[in-house]
Amino acid sequence: DLERARSELRAYREENPATTPLPPPALPRYGGGAAGVIGYAAVLLLVAYLAGDYAFGADWYRAGRMNAGQVLSGEGWRVVTALTLHGDAGHLTANLVFGALFGGLASLAFGGGVAWLAILLGGTFGNVLNALVQSPGHTSVGASTAVFAALGLLVADAIRRRHHLPASPLRRWSPLVGGILLLAYTGTGGERTDVVAHLTGFLAGLALGVPLCRASPAWLGRPRLQSAAGSLGLSLIGLGWFLALAAA
């Protein structure tokens with residue numbers, strides 16, 4: 001019955017053409033995530049220690065917090081320095097945990113240096129947008145704006161990985177829906193939560209993730225590029241605090 005079986009299988013395949021495309025080649029994954037997480041934690045812990053000790057005789061919270069009116073009047077460093085300040089140990093711990101998780105995953109998609117620079121820029125742009133829409137007296141501190149920027153990067157990467165699926169909006173855009181639900185679940189609780197900052201950080205990270213997803217793997221795979229991007233991120237934080245303390 002071999003020939004008859006082959007004929008039946010052939011007829012079945014001809015009558016039932018495959019509708020699901022073959023899975024695409026796996027996208028590359030990059031290193032540097034561990035170094036980025038260590039650097040992230042080191043910066044937040046160091047600033048927490050220095051701020052709590054009033055290092056250099058300065059009030060770090062007054063000098064570095066995000067104040068909408070002061071940002072718009074020219075004190076632009078605050079959109080960077082505010083990302084490294086936290087109100088209490090619980091606030092700091094939450095941002096350390098979620099920042100390490102989202103940042104580490106983003107590093108796999110874009111490389112440690114590029115991912116963490118994008119996270120910093122996403123948090124910075126998120127604070128700028130927050131300052132534009134809030135009242136002049138609005139203040140905020142915390143890395144959560146950058147943490148949700150990292151979530152935006154992850155959503156952009158997840159959408160890219162689904163571009164090969166059949167044109168079903170629900171399937172293709174499900175990462176965006178999931179990201180919004182995660183934002184709503186983790187970013188809207190608590191009396192002192194700056195919901196707008198979380199939203200603007202997420203949108204900024206998503207906007208940065210779209211062009212990054214178009215970057216060639218050969219470009220993202222360059223160790224020098226990743227090292228330079230990470231160094232630039234640390235330099236921006238250092239410059240921000242230099243300006244903040246000089247003006248204090």
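It should be emphasised that the depicted structure is a prediction, and the values quoted were computed from it without experimental measurement.
For the pair S227 (side chain) and P223 (backbone), a donor-acceptor distance under 3.5 Å is present. Between the side chain of E75 and the main chain of G69, no donor-acceptor pair closer than 3.5 Å is present. Looking only at distances, a side-chain donor or acceptor of S73 sits under 3.5 Å from a matching main-chain atom of Q70.
Residues F56 and L239 are members of separate hydrophobic clusters, defined by side-chain heavy-atom contacts under 4.5 angstrom among Ile, Leu, Val, Met, Phe, Trp and Tyr.
Two residues are said to be in side-chain contact when any heavy atoms from C-beta on lie closer than 4.5 Å; T200 and L132 fail this criterion. With contacts defined as side-chain heavy-atom distances shorter than 4.5 Å, the pair L83/I237 does not qualify.
With Y40 as the partner, the side-chain contact (heavy atoms from CB on, under 4.5 Å) test is satisfied by one option alone out of N95, I119, L120: N95. The side-chain contact (heavy atoms from CB on, under 4.5 Å) test with H138 singles out one residue from N130, V196, V71, and that residue is N130.
For the atom pair Q226 CD and F110 CZ, the distance stands at 11.0 Å (nearest 0.5 Å). Between Q134 atom CD and L72 atom CG the span is 11.0 Å, to the nearest 0.5 Å.
When every heavy atom of L212 is checked against every heavy atom of A118, the shortest pair comes out as CD1-CB, 3.8 Å. Across V210 and A156, no two heavy atoms sit closer than the pair N-CB, 4.1 Å. Nearest heavy-atom pair, A82 versus R65, reported as atom, atom and distance to 0.1 Å: CB-C, 4.0 Å. Nearest approach of W116 to G33, heavy atoms of both residues: NE1-O, 4.2 Å. Minimum heavy-atom separation, A244 to A63: CB-O, 3.7 Å. Taking both residues in full, the closest heavy atoms of T145 and A197 are given as CG2-O, 3.4 Å, listed atom of the first, atom of the second, then distance.
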| Check against ring pair (Phe, Tyr, Trp, His ring centres under 6.0 Å), Y54 and W60 | CA-CA 7 Å; Y54 289 87; W60 286 54; 9.6 Å; no
| side chain to side chain contact (heavy atoms under 4.5 Å, CB included) between L121 and L236: does it pass, once the steps are laid out? | CA-CA 10 Å; L121 293 178; L236 290 175; 4.3 Å; yes
| query | Please walk me through it: do L181 and V177 pass side chain to side chain contact (heavy atoms under 4.5 Å, CB included)? | reply | CA-CA 6 Å; L181 291 175; V177 176; 4.2 Å; yes
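Relative ring orientation between F98 and F102 is described as tilted, the plane-to-plane angle lying within the 30° to 60° band. Between H86 and H91, the angle of the ring planes goes over 60°, which puts this pair in the perpendicular group of the 30/60° scheme.
Using modelled atom types, one finds a donor on one side chain and an acceptor on the other under 3.5 Å when comparing T84 with W241.
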